[in-house]
J.: 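This is the structure I want to talk about, given as C-alpha cells.
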Protein chains: 2
Amino acid sequence: MATIKDLAKMAGVSVTTVSRVLNNHSYVSEEKRKAVFEAVKASNYDKNINAVHLSKGKTQLIGVVLPFADHPYFALLLKGLAKQALENNYKLVFIQTDYRKEREIEALHMLKQKQIDALIICSRTCEAEVIEEHLPFGPIVLCENNKEIEASSTYVNHYNVFFDALEYLYQKGHKRIGYCIARKFGANSRDRERAYRDFLKKYHLPYDSGCIFDQCLHVEDGEKVVNHIMEMDEPPSALLVTSDQVAAGIVTCCQKRHISIPGDLAIIGFNNEPIAKMMNITTIEIPLVDMGENLFLQAVNDDLSNKEVSVQLIERGTV
Amino acid sequence: MATIKDLAKMAGVSVTTVSRVLNNHSYVSEEKRKAVFEAVKASNYDKNINAVHLSKGKTQLIGVVLPFADHPYFALLLKGLAKQALENNYKLVFIQTDYRKEREIEALHMLKQKQIDALIICSRTCEAEVIEEHLPFGPIVLCENNKEIEASSTYVNHYNVFFDALEYLYQKGHKRIGYCIARKFGANSRDRERAYRDFLKKYHLPYDSGCIFDQCLHVEDGEKVVNHIMEMDEPPSALLVTSDQVAAGIVTCCQKRHISIPGDLAIIGFNNEPIAKMMNITTIEIPLVDMGENLFLQAVNDDLSNKEVSVQLIERGTV
DNA sequence: TTAATGTATGAAACCCGTTTCATATCAAGG
DNA sequence: CCTTGATATGAAACGGGTTTCATACATTAA
C-alpha cells in the first residue's frame, strides 16, 4: 500500500501538504490539492488508520462490556449503542464477558492501553475499586444506580420499580409474592432484594428465600420455575419476573400444565419485549434502546452525569 | 503515562531490551529482566497498543458485519464468534448495518485501513464485486453459499434445506405451501426462491407470489402474516417460516383467532430457538453458535475454505 | 588453536501518520 | 513605505512501540 510519503512524491508536494489535503485543512492551493487527489486515485491510497490512532491518541472506538448478546435486554441496549455509535462516527468493540471478572478486567485494560476511547459496562461483575482504578485512563459509563463510583451512568431505579410493582400486586390481593432474577449478586439484584425486604417488612409478611428464583434468563428457564413452584407447599400467588423471556416461558408452561394465569399465578414481566405483547403479558416497560443511546452519549461527552430513566407498567392479562 | 523509553531509562537498559522483556523474548539476563519489571511496576506502565498495531500491522481486531443483534439468529452467531474471539485473543468490532450498503462498505473500508485484521459478513447487502475489490486487503468471510466470491464461508445450503422441507410438507399432504422470509433480496432468499420454484415445478403446482411473505423477522411479524392469510381466498395450508420468532408469533396469534395448528395451518420454523421448544414448534435446527465459531476461525486462518453445515428437522407439534 | 554457535545488548531504522514551527509571498491598512 | 494578517508550503519533531543489524563475549565442537 502506498503511504503518505509516496503520495507526496507523486504529487510533487510535501507530506505536510498531503496531510492537509486529506484532512481538509485550509491554506492549500487548488492546484496542489488536485495533484494530491490524483495521486490518491492513481495509487488507490488509504490511510493506515493505526498511524492516525497513534498520532492522535484516539481510536474512535468505544468498548462495550456485556455478558452475552443473545438476550433481548442486552441486544436492545446494544441496538441503541450501535445507533448512536453510527451517528457519531464511532465503532463499538464488543466484549462478551459471560459475567467473568477477568474478561471485564481485560476490557478495562483496553482502556488503559488506549485501544478504546471509553468503556461502557452494561452489566458489571468487578468490584467498584477495580473500576475506580481505571477511571484515570478514560471515561467509564455504567448501567446501574451507583453513586459510589465517580462515573456517568444511565440506570433504572430498580429499588423503586420493584417496590412499586410489589405494592401493585399487594393492592390486587397478593400476599405471597416471589420473584425471578438473572443472577443473585449484581447491583440491580441487590437493589431489588432491598426493595423486596422493605416491602415485606412494611406489610409484616414473612421472608422466604424459596420464593426467589435466580438464574432466570431465557424462555426455557420459565419451565424450571414452574416445575419448582409446583413442588412448593406454599407456592407464591404472584411473581415478578425480570425478563419477559422468562415470563413468556412461565406462561407457556402454565398453559400446558393447566395452571391458570392470573387465577393461580399472577405474572409481571419486565422490558416489554415483543413477546410480552404477543402473549398479553403484563410487564414493566424499560426503554432499553434509549438507555443504550444515552449510555453511548455519556461515553463520548466526558462530563459526568447520572440519568435515571423512567419505566412504565403496562397492564395486560397476566395480573 | 510512561513510555518504553522511560522504562529504559529507569531500568538502565536500552529500549530494545525493554521490548524484549515485555514480549518475552529470550537472550535477556535475569538481572535486567528484573530491573525492567520493577520499572514497569513503579511507573504503572502499560503499552500504548496503537503503537504496537502500527508497528506490527495487525490489530487483533476482527470486524463483524450484521444488520442488528436483537434477533436470535444473529445473536447466536455473535455468541459463537465472541467465544472463539476470546479463546484466540481477538476482539470483535461490532458493525451494525441495518442492511444499509454504505455501512457495509464502511466495514470493508476498515479492512483497507488496517483497523481490523479480517472481516466477517454475517449477512451481505453489497454486490459481490464490492466485496471482491476488498479481498486484497485482508480475509473476508461470508455466511452464505457463494462460490462466486473467492472467500471463505460457512453456510447452510438453503436450497436443499428448503427443498427438503417442502417435500416433507408435500408428503404430509400439503399442496399449497407458502413461506416467510426476512428480506427478498438476500443471497439466502434467492436460494430459497429457487428451491420453491423447482419444487412447484416438480409437482406441477401453481406459483403464487401471495404465498411469500417477506419482512418477517420478529414475533410481532407473525401477527401480520396471520392477518394477511385470513384475508386470502386460497390461503396456504402450510408455511415455512425462516425464524422461530415469527413462527412463535404465528402460533400465538392463531391460538387467539382459533385457527387450529396444524389442522388449519401447518408450520415449520427455523433455527430451533428456545421458544420453539417451549411452544412445541416443528423446526429446522441450525447450529448457529457453531457456525459463528467456524466463521471466526476461518477469519483468522487465512487459507480458503467453504464449509456447509448440516441442519436437522426437529419434529414437534406444528405439522 | 580456531571456527562456529549461543548468549546478551544497544543503536538506529521502521511503521505512517499529525502537528508544530519556520519561512515566504501577497494584499490590505495606516 | 512599512506593518500586519491572511495565504501557502515544507522540514522536522512527535506519537510509542518492534525489528533489523552490528557488536561482543562466552562456549563448544573440530
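Throughout, a chain's letter reflects where its sequence line sits, starting with A, and its residues are numbered from 1. Since we're looking at a predicted model, the values are computed, not measured.
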J.: Can you tell me the distance, in whole Å, between the CD atom of Q115(B) and the P atom of dG17(C)?
T.: 14 Å
J.: Just the rounded figure in Å: distance from P of dT25(C) to CD of E31(A).
T.: 17 Å
J.: On DNA chain C, does the nearest nucleotide to S55(B) precede the nearest nucleotide to T17(B) from the 5' side, or the other way round? Give the residue.
T.: T17(B)
J.: Determine whether the side chains of E144(B) and S153(B) contain a donor N or O and an acceptor N or O closer than 3.5 Å.
T.: no
J.: Can you pull the contact range of chain A along DNA chain D, 5' to 3', using atoms under 4.0 angstrom from its heavy atoms?
T.: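 It runs dA6(D) to dG16(D).
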J.: At under 4.0 Å between heavy atoms, what does S29(B) touch on the DNA or RNA strands: base, sugar-phosphate, or nothing?
T.: sugar-phosphate
J.: What is the distance, rounded to the nearest whole Å, between atom CD1 of I4(A) and atom C1' of dC15(C)?
T.: 13 Å
J.: Using atom NZ of K5(B) as one end and atom P of dA12(C) as the other, report the distance to the nearest whole Å.
T.: 12 Å
J.: Please walk me through it: do Y73(B) and S123(B) pass side chain to side chain contact (heavy atoms under 4.5 Å, CB included)?
T.: CA-CA 11 Å; Y73(B) 179 87; S123(B) 188; over 6 Å; no
J.: Is any side-chain nitrogen or oxygen of S19(A) closer than 4.0 Å to OP1 or OP2 of dG17(C)?
T.: no
J.: Which comes earlier along DNA chain D counting from the 5' end, the contact point of V13(A) or that of H25(B), where each point is its nearest nucleotide?
T.: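 Between the two, 5'-proximity favours V13(A).
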J.: How long is the line joining CD1 of I49(B) and P of dC15(C), in whole Å?
T.: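 After rounding, the reported distance stands at 20 Å.
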J.: Find the distance L22(A):CG to dT18(C):P and express it as a whole number of Å.
T.: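 So the two atoms are 7 Å apart, to the nearest Å.
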J.: Backbone N or O of T3(A) within a donor-acceptor pair of the D6(A) side chain at under 3.5 Å?
T.: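 Yes; at least one donor-acceptor contact below 3.5 Å.
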J.: Do Q113(B) and N48(A) make a side-chain contact, defined as non-hydrogen atoms from C-beta onward lying under 4.5 Å apart?
T.: no
J.: Roughly how bent is the helix from dT1(C)-dA30(D) to dG30(C)-dC1(D) end to end, in steps of 10 degrees, with each end axis from five pairs?
T.: 40°
J.: Between D214(B) and R183(B), does at least one N-O distance fall below 4.0 Å, as a salt bridge requires?
T.: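 Salt bridge flag = no for R183(B) with D214(B).
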J.: Begin from the C-alpha positions of H71(B) and H218(B) and carry the test ring-ring contact (aromatic ring centres under 6.0 Å, His included) through to its verdict.
T.: CA-CA 7 Å; H71(B) 188 282; H218(B) 302 286; 5.7 Å; yes
J.: Side chain of S43(B), backbone of A39(B): donor and acceptor closer than 3.5 Å?
T.: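 The answer is yes, because a donor-acceptor pair under 3.5 Å joins these two groups.
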J.: Please determine if D70(A) and K79(B) form a salt bridge, counting it only when a charged side-chain N lies under 4.0 Å from a carboxylate O.
T.: yes
J.: Mapping A51(B) and R20(A) to their closest nucleotides on DNA chain C, which lands nearer the 5' end?
T.: A51(B)
J.: Just the rounded figure in Å: distance from P of dG17(C) to CG of N48(A).
T.: 6 Å
J.: According to a strict under-4.0 Å criterion, is Y27(B) in side-chain N/O contact with OP1 or OP2 of dT7(C)?
T.: yes
J.: In a check of side-chain contact (heavy atoms from CB on, under 4.5 Å) between I140(B) and each of I149(B), I120(B), L108(B), which one passes?
T.: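 One option only clears the test, and that one is L108(B).
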J.: Starting at atom CG of N50(A), determine the distance to atom P of dT18(C), rounded to an integer number of angstrom.
T.: 13 Å
